[in-house]
Each structure stands twice: as structure tokens, then as C-alpha cells.
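Right, one structure below, let's go through it.
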Amino acid sequence: LQQDPTHEGAQAALERLIEDSALRQRTAAILEPIYSDQGSHEELVRVLEVRLEDVADSHSQVEILSRIGFLLENELGKANDAFLAYARAFEAHPSNPEPRAELRRLADDNGLHEFYCEVLEKGISSVEGDITLSCELLEEVATLYDMQLESPELAENAYRRLLDADPENPETALPAARALENIYLSSESWQKLVEILNLIVRFTDEPIEQQEHLARAAEIQEVYLENPEDAIRTYREILDLMPDDLTSLHHLERLEPEL
């Protein structure tokens, strides 16, 4: 092979040796550059898989699996198999953003969003101790359920988990609450909508926006939930925030005599 790397007999002998467990890794290391130079992409993927058997370091696993994914997609035209390779890379090192970026691209290009959500859900389960990464993955999977898969039930569950993961963090809680606001409005889940409007008020600094959300909550409490007592409390909350709000004062004057 040193004299003639393309010698078929020598190469065939090496390929047989790869089945010998004692020589498997050494043989794969010899064959890898040969297959790469020859453009033998299927064979190269096979020896990279052999190399992977002896790699424990997650960074190295990601490197090899990403190379496999690239070959499968770009040289062999196997996008679905490439997706699986990148999914393995993500599983090996969930905090590495590169496999996830490739997975999202492949999901967008090939309609694999449902499978990408499954990959993300496994990742979420594996990084429960990392709040920042958990929230990042939860936000992505919730958005996919909401926008790509158009599944409000799954989206609600994911956004709720995002809220629970770091409930005092407005950077994650507020976007999740706003998304839930749209879901509950579409489904006419009035009690849940009131709760989420109050949560938005809690994380919003602008008094005008707080007033707008509280006014919506009060209207829902009165009209849809038929609970004037709660509506009155909400209008009073608005007046504590903005004492000159004549609209809320008018509603209070209208509602209180009825009780």
C-alpha cells in the first residue's frame, strides 16, 4: 500500500482485517485516508463508524459524526441518514450548537420538524441540571410545535415547561407568556388567558402595557367568565397603577352597584 495505495489486493486484505477486533481500529485508521483520497464515500463512512467505536470523548464524537453527516448529505445524497448522524452528535454533546444548527437546517429543508422535536425532547431530558441550556432547548421546541407543527397542545405544554424551568427570569418567561397568550386566545381558554395576562403584567415594566393587559383581563373576567368580583379587583389594580384612568373608574362605578 505504501508503494501503490490503489493496489486492489492489498486494499481487499485490509478490508477483511477490519472484521478482526484486535486489528479493527488500526485497520480503520489506515483505510480512512485511502478511501478519502479515492472518493469512496460509502466506505469512508463505514470506517468512520468503526473509529467511533473507540472514541469516548464527546468533542471527538461530534467531530466524527459531523463528518459522517456531511458525507451522507453532500456526497451520498442521503439527507435523512445525515439527520440521524447529526442527531447522534447532538446527543453526544447537547451544548454544542453546531449539530443543532445542522439538524434545524435539515429539518427545514426536508420537512423533518417532527423528528427534530423528538431529538430536542431527548436533549431536554438529558440536560435537566443546566437551566440555561434547558430553557434554550425548550424555547426552540415550543416554537417548532407552535409554528411548524401547528400543535397548540404540544406548544402549550412546552411553553409551560419553559415557564416552570426558570419562572423568575423575564428573558424566557415573557416570550413564553406572550406565546401562551395567543394560544389561549385562539382556543378561548379564558381562565388560562387571564392568568397569563397577569403574568405578562408582572414581567412588564411599561405602565401603559400593564394597563392594557389588565384591562383585557378585567373584560374577560366580566364578560366571558361572568365574574364581576374579579373584574372589580382588576380594575382597582389598574387604578392603583394609573389613578387617572377614567375608563377603569367608569367600569368600577358601573359594576359595584350591581353587587
Steps toward salt bridge (charged side-chain N to carboxylate O under 4.0 Å, His left out) verdict (R160, D164): CA-CA 6 Å; R160 280 288 183 183; D164 292 340; over 6 Å; no
Partner set under side chain to side chain contact (heavy atoms under 4.5 Å, CB included) for L149, not counting sequence neighbours: H113, E114, C117, Y145
Contacts of type salt bridge (Lys or Arg N to Asp or Glu O under 4.0 Å), residue R26, not counting sequence neighbours: none
Residue pairs passing the salt bridge (Lys or Arg N to Asp or Glu O under 4.0 Å) test where at least one lies in residues 173-187, sequence neighbours excluded: R178-E209, E181-R216
Polar side chain donor-acceptor pair, Q11 to Q38, under 3.5 angstrom: yes
Main-chain N/O of E121 paired to S125 side chain as donor or acceptor, under 3.5 Å: yes
Non-neighbouring partners of D240 that pass side chain to side chain contact (heavy atoms under 4.5 Å, CB included), sequence neighbours left out: none
With Y235 via ring-ring contact (aromatic ring centres under 6.0 Å, His included) - residues at least two apart: H251
Of Q221, E229, E219, the residue whose pairing with T234 passes side-chain hydrogen bond (donor to acceptor under 3.5 Å, both in side chains): Q221
Pairwise distance CG(L162) to CG(N157) - rounded to 0.5 angstrom: 11.5 Å
Solution key, residues 192-203 side-chain donor-acceptor pairs under 3.5 Å, sequence neighbours excluded:
from	atom 1	to	atom 2	distance (Å)
K192	NZ	E156	OE2	3.0
N198	ND2	V194	O	3.1
R202	NH2	E168	OE1	2.6
R202	NH2	E168	OE2	2.8

Side chain proximity check, H93 to H59, heavy atoms < 4.5 angstrom: yes
Qualifying residues under side chain to side chain contact (heavy atoms under 4.5 Å, CB included), relative to N110, sequence neighbours excluded: A79, L106, L112
Inter- and intrachain pairs under salt bridge (Lys or Arg N to Asp or Glu O under 4.0 Å), touching residues 52-61, at least two apart: R24-E53
Full working for salt bridge (charged side-chain N to carboxylate O under 4.0 Å, His left out) between R161 and E139: CA-CA 9 Å; R161 284 184 286 149; E139 186 171 7; over 6 Å; no
Side chain to side chain contact (heavy atoms under 4.5 Å, CB included) partners for H250, two or more places apart: none
Set of ring-ring contact (aromatic ring centres under 6.0 Å, His included) partners for F70, sequence neighbours left out: none
Within 6.0 Å of CD in E43, more than 12 heavy atoms from elsewhere: yes
Inter- and intrachain pairs under salt bridge (Lys or Arg N to Asp or Glu O under 4.0 Å), touching residues 242-253, at least two apart: none
Ring geometry between F83 and Y116 (parallel below 30°, tilted from 30 to 60°, perpendicular above 60°): perpendicular
Any pair counted as salt bridge (Lys or Arg N to Asp or Glu O under 4.0 Å), so long as it reaches residues 60-80, sequence neighbours left out: E32-R67, E73-R105
Heavy atoms from other residues, nucleotides or ligands near CD of E118 exceed 12 (cutoff 6.0 Å): yes
